[in-house]
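All chains are named by letter (A, B, ...) in the order of the sequence lines, taking the proteins before the strands, and each is independently numbered beginning at 1.
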Protein chains: 2
Amino acid sequence: MASRNPSRPERPATLERKASVLEAALACFAKNGVDGTTIQDIQRAANCSIGSLYHHFGSKDGIAEELFIDGIQNLNHGMLAKLRRCKNGEESVKAVVGQYCDWSMRNKDLARCLHSRDIEFSGEARARLKEIHRDYIGAIYAWFAPFVECGEVRVLPVDAYVPLISGPIQEYVRRWLSGHHPNPPAKVKTLFADAAWNAVKG
Amino acid sequence: MASRNPSRPERPATLERKASVLEAALACFAKNGVDGTTIQDIQRAANCSIGSLYHHFGSKDGIAEELFIDGIQNLNHGMLAKLRRCKNGEESVKAVVGQYCDWSMRNKDLARCLHSRDIEFSGEARARLKEIHRDYIGAIYAWFAPFVECGEVRVLPVDAYVPLISGPIQEYVRRWLSGHHPNPPAKVKTLFADAAWNAVKG
DNA sequence: TCTATTACTAGAACGAAATTCTAGTTACCA
DNA sequence: TGGTAACTAGAATTTCGTTCTAGTAATAGA
């Protein structure tokens, strides 16, 4: 998309407009889901024209993609920042659960967006997500590697760690977000953190 | 939908046709996702007319709904059947994990359908699902209640059991189905079953 | 300051895909 | 054997994402 890789830099007002569109879109997505909101909904909520939307984002999914990617990066950065303040494996594992729980409660709409499976990612976005995920997982494994080496954390198939540690809290949050049950995840945070630690401690 | 609540009973050939449509639709959904397949795709694959599809299912989502509901019921029945052959809490908890794993591997396409979030359920379908879920959860809790009472299984917030027991295997299967990693869940089945038991044993 | 370039806005036109409508045809029951 | 309702068929309509065309406005370079 030439329009999204301008040869001349963007104008100052552009960032503001994009941000306002993203905010409006997130509100719409939160209310009616991605598939349930039309371009017109977003257009009206953001007070801008169709042309403007397509100029900045290229497509409806482009908007969702940007929200999704921003959201994931925000979540990832927060997680790594939290981890770096931990002293050992136990603290780290429990921090992962706690941080996921806290972030989801603080960013309910965004969390709902990350859980929704109905964004048709473009090849470009898929590649970007893969890269983000690779970097993130790399950083996470690098952080935990020493704890595994010294025996504080069990040696397991690599694909097993994330489901064992984050699976329960993710599932709980997913159910909470979709209105399946009313009890916010704060209630089970430490319970699930303990369970996660039990599942992977050496 | 009057056409789906006929005042006169359905004809014998109807079930057959509906089944062939569902089969064709599942194949399409598995290949291109629910959003990625058109009514025409299904129509061609099932060798029937648009009118016929709408007569029997009311909408594209109606087809997806029926697959989804059939799938969930199949999964649930299998689970309960398996549980009833267990002698104690430990066997039961581990059976839940194992059965979910086995079923997902045996019914990959259906499992993918159950994990997909892009079916827009009608109010009617939502109600039906709620009812199915209520019955199922009721049966599950009834099965486990004695083990909790005798202390073999821990007392926990009710909403915590499912995520603690099934969260990890569900997350693992989800990642496997979406091609995130290539290792089939059989590899971690007993590992996750043990973890589940550890999380809830008394 | 003037001018060329390009970001940006706007909304009408277009096209694809879901759904509805109309016109039958076929099976079953009285 | 006639009436009724399930069922089939596909053309017409609608909805909605996207593209196109025609501008306006900011900025860089002369």
### Task
Counting heavy atoms from C-beta on, name the nucleotide in D:dC16, D:dA9, D:dT18 closest to the side chain of A:Thr38.
D:dC16

## Note on the structure
CZ of A:Phe121 to CG of A:Asp61, rounded to nearest 0.5 Å, is 8.5 Å

### Between P of C:dG11 and CG of A:Leu53, the distance in whole Å
12 Å

### Query
Between atom CG in B:Asp35 and atom P in C:dA17, what is the gap in whole Å?
13 Å

### Message
Between A:Lys18 and A:Glu66, does the salt bridge (Lys or Arg N to Asp or Glu O under 4.0 Å) criterion hold? Intermediate values first, please.
### Response
CA-CA 10 Å; A:Lys18 285 188 73 170; A:Glu66 199 146 328; 3.5 Å; yes

### Task
Establish, with yes or no, whether the OP1 or OP2 oxygen of C:dA7 is under 4.0 angstrom from a side-chain nitrogen or oxygen of A:Arg17.
no

### Query
Roughly how many Å is it from CD1 in B:Ile50 to C1' in C:dT22, rounded to a whole number?
14 Å

## Note on the structure
When rounded to whole Å, the CD to P distance for the pair A:Glu120 and D:dC16 reads 18 Å

### From D:dG17, C:dT9, D:dT8, nucleotide with atom closest to A:Ser52 side chain
C:dT9

#### Entry: Interatomic distance where CD belongs to A:Gln43 and P belongs to C:dG11 [whole Å]
8 Å

### Query
How about B:Arg174 and B:Gln170: does a side-chain donor come under 3.5 Å of a side-chain acceptor?
no

### Any A:Ser49 side-chain nitrogen or oxygen under 4.0 Å from OP1 or OP2 of C:dA10
yes

### Query
Of all the nucleotides listed (C:dA10, D:dT8, D:dT18), which has the minimum atom distance to the side chain of A:Ser59?
D:dT18

#### Entry: Side-chain N,O (B:His56) to OP1/OP2 (D:dT8) below 4.0 Å
yes

### Task
Let me know the distance between NZ of B:Lys18 and P of D:dA6, rounded to the nearest Å.
13 Å

### A:Val34 or A:Gly51, whichever maps to the more 5' nucleotide of DNA chain D
A:Val34

### Task
Would you tell me whether B:Trp103 and B:Asn74 have side-chain atoms, one donor and one acceptor, within less than 3.5 Å of each other?
yes

### Task
Look at the side chain of A:His55 and decide which nucleotide, out of D:dA6, C:dT19, C:dT9, has an atom nearest to it.
C:dT9

## Note on the structure
Of C:dA10, D:dA9, D:dG17, the nucleotide closest to the side chain of A:Cys48 is C:dA10

## Note on the structure
From CD1 of A:Ile63 across to C1' of D:dG17 the rounded distance in Å is 11 Å

### Query
Tell me: NZ of A:Lys60 to P of D:dT18, nearest whole Å?
8 Å

#### Entry: Intermediate values then yes/no, salt bridge (Lys or Arg N to Asp or Glu O under 4.0 Å), A:Lys94 and A:Glu90
CA-CA 6 Å; A:Lys94 291 181 175 177; A:Glu90 178 171 354; 2.8 Å; yes

### Task
Would you mind telling me which of C:dA18, D:dG17, C:dT20 lies closest to the side-chain atoms of B:Ile39?
C:dA18

